[in-house]
Amino acid sequence: MIRINENYLKLKSSYLFSEIAKRVSSFQQSNPDSKIIRMGIGDVTEPLPQSIIKAFHHGVDEMADRATFKGYGPEQGYDFLREKIAHYDYAFRGARISHDEIFISDGAKCDTGNIQELFATDITVAIPDPVYPVYVDTNVMAGRTGENKNGRYENLIYLECTAENNFVPELPKERVDLIYLCFPNNPTGATITKEQLKKWVDFARETKAIILYDAAYEAFIRDEDLPHSIFEIEGAREVAIEFRSYSKTAGFTGTRCAFTVIPRECMAYDSNGNKHSLHAMWNRRHTTKFNGVSYPVQKAAEAIYSPEGQREVKAIIDHYLDNAKIIREKMTSYGYNCTGGENSPYIWVDVKMDSWKFFDMLLNKCQVVCTPGEGFGKCGEGFIRISAFNSRENVINAMERIAKL
Ligand SMILES: *Cc1c(COP(=O)(O)O)cnc(C)c1O
């Protein structure tokens with residue numbers, strides 16, 4: 001008899017976005033003429049810029065010509081892209097990363113989900129709360145979490161992010177082996193300073209832990225002092241793996257291209273205490289289970305690093321950041337405490353009431369959709385997330401509607 005992986009039964013049903021969709025569609029049915037503005041989405045709205053589309057098209061044309069046709073590429077990605085990343089994303093910021101420490105992939109979601117396959121199932125995992133649900137659910141699937149009791153998995157260590165700590169968690173008191181961090185954060189929009197991040201790196205070095213650092217929103221950082229990469233921190237090469245994505249950086253959510261950085265010094269241990277290279281293990285995994293990102297997509301990603309590409313991408317991010325500023329200023333002027341919205345496309349709003357109740361009120365009275373914070377974890381109760389991924393017109397209209405609350 002074929003049997004299932006029973007860890008899947010421990011997953012909480014992906015209640016957040018289906019519940020939002022259900023409530024929005026039932027409202028729309030009873031109010032067919034009302035124009036709903038969706039401020040809940042974590043997806044980009046602006047199209048790919050011209051220089052990127054040009055490179056994309058050129059890559060497609062090369063595939064149509066016998067002389068330039070490409071079959072399977074290197075699983076780790078083409079050197080033309082890895083070298084640009086090493087130079088512009090790392091060397092340029094004073095971080096030493098060589099091109100062969102970079103693994104191109106089709107998404108940071110899959111990479112953050114797949115990476116935990118390299119680690120033992122009985123390690124202790126520390127995960128922020130509130131959080132991007134992928135980190136939790138993939139560890140549930142792997143059998144690392146135990147059962148969910150009252151909204152929390154019994155074997156996870158939750159790193160609470162609250163107004164008291166400015167949504168940057170304290171170091172855990174318990175021993176932990178694997179630590180997830182994400183800055184600028186989804187959903188809170190919070191950022192971390194170099195000094196704060198250094199504490200995490202030192203902690204990981206002292207305790208032989210590994211930090212999984214999700215920097216999917218680094219392109220939104222405008223504050224000169226904030227780190228774009230954990231590898232700007234001394235010592236991080238031994239204890240950190242970083243995830244990046246072109247999804248939010250350059251509008252690639254539907255095009256798919258991302259990368260993971262694993263320095264050669266990054267080690268984990270077997271049960272006898274012998275060191276093993278995580279770079280070598282991930283390379284083995286990647287070459288076994290992945291066959292590379294398509295050539296035209298990698299050519300499109302390379303164009304992000306051209307002077308034109310940089311200008312165009314910056315203009316799009318500026319657009320989202322200006323939206324974020326409007327949302328933050330308006331919500332603050334209406335009397336709400338807000339985090340994020342600076343160096344981040346998300347605004348985390350303290351609504352001081354049940355987040356689903358606030359969601360319903362916003363939908364019914366303003367026809368505006370937000371994301372209830374509770375869906376991101378226990379510490380999200382009493383908060384909502386508003387996203388700046390939208391047109392300027394929608395942002396301004398939504399803020400005018402909320403003013404009437
Ligand atoms: C959007 C997002 C990603 C990017 O995922 P892709 O699979 O590359 O599109 C990664 N991490 C977080 C926290 C995100 O919000």
Side-chain angles (χ1 to χ4, degrees), residues 41-93 95 97-111 114 215-221 228-229 242-262 282-283 286-287 289-321 345 389 391:
I41 43 173
D43 194 358
V44 296
T45 54
E46 304 307 298
L48 293 178
Q50 273 313 303
S51 59
I52 292 169
I53 280 296
K54 227 161 84 188
F56 205 170
H57 277 295
H58 187 68
V60 172
D61 288 340
E62 283 183 83
M63 299 300 271
D65 183 341
R66 185 174 298 278
T68 50
F69 169 76
K70 304 278 187 298
Y72 288 125
E75 291 96 338
Q76 302 89 342
Y78 284 100
D79 280 348
F80 63 75
L81 180 55
R82 299 167 92 197
E83 279 162 8
K84 292 276 187 326
I85 294 167
H87 181 73
Y88 290 100
D89 285 320
Y90 293 100
F92 181 73
R93 297 199 181 279
I97 292 294
S98 84
H99 77 282
D100 58 7
E101 294 172 322
I102 296 161
F103 297 86
I104 309 296
S105 79
D106 59 356
K109 185 188 206 172
C110 355
D111 285 354
N114 290 328
Y217 295 93
E218 65 76 31
F220 291 81
I221 295 174
H228 288 246
S229 164
E242 180 163 286
F243 304 93
R244 294 273 190 106
S245 172
Y246 298 113
S247 283
K248 318 302 173 6
T249 309
F252 270 53
T253 52
T255 305
R256 313 304 305 146
C257 196
F259 60 91
T260 290
V261 182
I262 311 185
W282 185 248
N283 191 57
H286 211 61
T287 53
K289 294 196 178 180
F290 187 64
N291 247 338
V293 173
S294 86
Y295 174 76
V297 167
Q298 291 190 62
K299 289 305 280 184
E302 184 194 20
I304 295 168
Y305 298 97
S306 68
E308 243 181 301
Q310 287 287 287
R311 241 191 336 271
E312 288 176 322
V313 162
K314 183 172 178 295
I316 294 174
I317 293 177
D318 284 346
H319 162 79
Y320 294 133
L321 283 171
F389 293 123
S391 66

* Hey, what's the ring geometry for Tyr78 with Tyr295, parallel, tilted or perpendicular (30° and 60° as the breaks)? -> perpendicular
* Evaluate the criterion side chain to side chain contact (heavy atoms under 4.5 Å, CB included) for residue pair Phe259 and Asp89; output intermediate values, then yes/no. => CA-CA 11 Å; Phe259 60 91; Asp89 285 320; 3.7 Å; yes
* Asked: Is there side-chain contact between Glu242 and Ser229, with heavy atoms separated by less than 4.5 Å?
  -> yes
* Return the set of residues passing side chain to side chain donor-acceptor pair (under 3.5 Å) with Thr255 (not counting sequence neighbours), or none when no residue passes. => none
* For Glu302, does its backbone N or O pair with a side-chain atom of Ser306 as donor and acceptor, under 3.5 Å? -> no
* Got Phe80 and Lys299 here, is their nearest side-chain heavy-atom distance under 4.5 Å? -> yes
* Work out which heavy atom in Val297 is nearest to a heavy atom in Phe252; give both atom names and the distance. => O-CE2, 4.2 Å
* Calculate, to the nearest 0.5 Å, the distance between atoms CD1 and OH belonging to Ile85 and Tyr246 respectively. => 3.5 Å
* To do: Give the intermediate values and the outcome of side chain to side chain contact (heavy atoms under 4.5 Å, CB included) for residues Leu321 and Phe220.
  => CA-CA 7 Å; Leu321 283 171; Phe220 291 81; 4.0 Å; yes
* Is a donor on one side and an acceptor on the other found under 3.5 Å between the side chain of His286 and the backbone of Ile104? -> yes
* Any sub-3.5 Å donor-acceptor pair from Gln298's side-chain atoms to Leu81's backbone N or O? -> no
* Asked: Which pair of heavy atoms, one from Ala303 and one from Ala55, lies closest together, and at what distance?
  -> CB-CB, 3.5 Å
* Structure fact -> Shortest non-hydrogen pair, Ser98 vs Ala86, comes out as C-CB, 4.2 Å
* With no hydrogens and no angle check, do the side chains of Tyr90 and Glu101 hold a donor and an acceptor under 3.5 Å apart? -> no
* Roughly how far, to the nearest 0.5 Å, is the OH atom of Tyr217 from the CD1 atom of Ile317? -> 11.5 Å
* **No-hydrogen, no-angle side-chain donor-acceptor test under 3.5 Å, Gln76 and Asp100** => no
* Asked: So, do Pro296 and His58 sit near enough that their side-chain heavy atoms are less than 4.5 Å apart?
  -> no
* Roughly how far, to the nearest 0.5 Å, is the NE2 atom of His319 from the CZ atom of Phe389? -> 10.0 Å
* To do: Provide the closest heavy-atom pair for Ile304 versus Gln310 in the form atom of the first, atom of the second, distance.
  => O-NE2, 2.8 Å
* Which of these, Arg93, His228, Lys248, sits in a side-chain hydrogen bond (donor to acceptor under 3.5 Å, both in side chains) with Glu218? -> His228
* Asked: To the nearest 0.5 Å, what is the distance between NZ (Lys109) and OG (Ser247)?
  -> 10.5 Å
* **Pairwise side-chain contact, His57 with Lys54, heavy-atom cut-off 4.5 Å (strictly under)** => no
* Do you know which two heavy atoms are closest between Ala258 and Ser245, and how far apart they sit? -> CB-CA, 3.7 Å
* With Lys70 via side chain to side chain donor-acceptor pair (under 3.5 Å) - residues at least two apart -> none
* Atom CH2 of Trp282 and atom OG1 of Thr287: how far apart are they, to the nearest 0.5 Å? -> 11.0 Å
* Could you check if a side-chain atom of Asp106 sits within less than 4.5 angstrom of a side-chain atom of Phe290, using non-hydrogen atoms only? => yes
* Structure fact -> Ser391 and Thr45 have their tightest heavy-atom pair at N-OG1, 4.4 Å
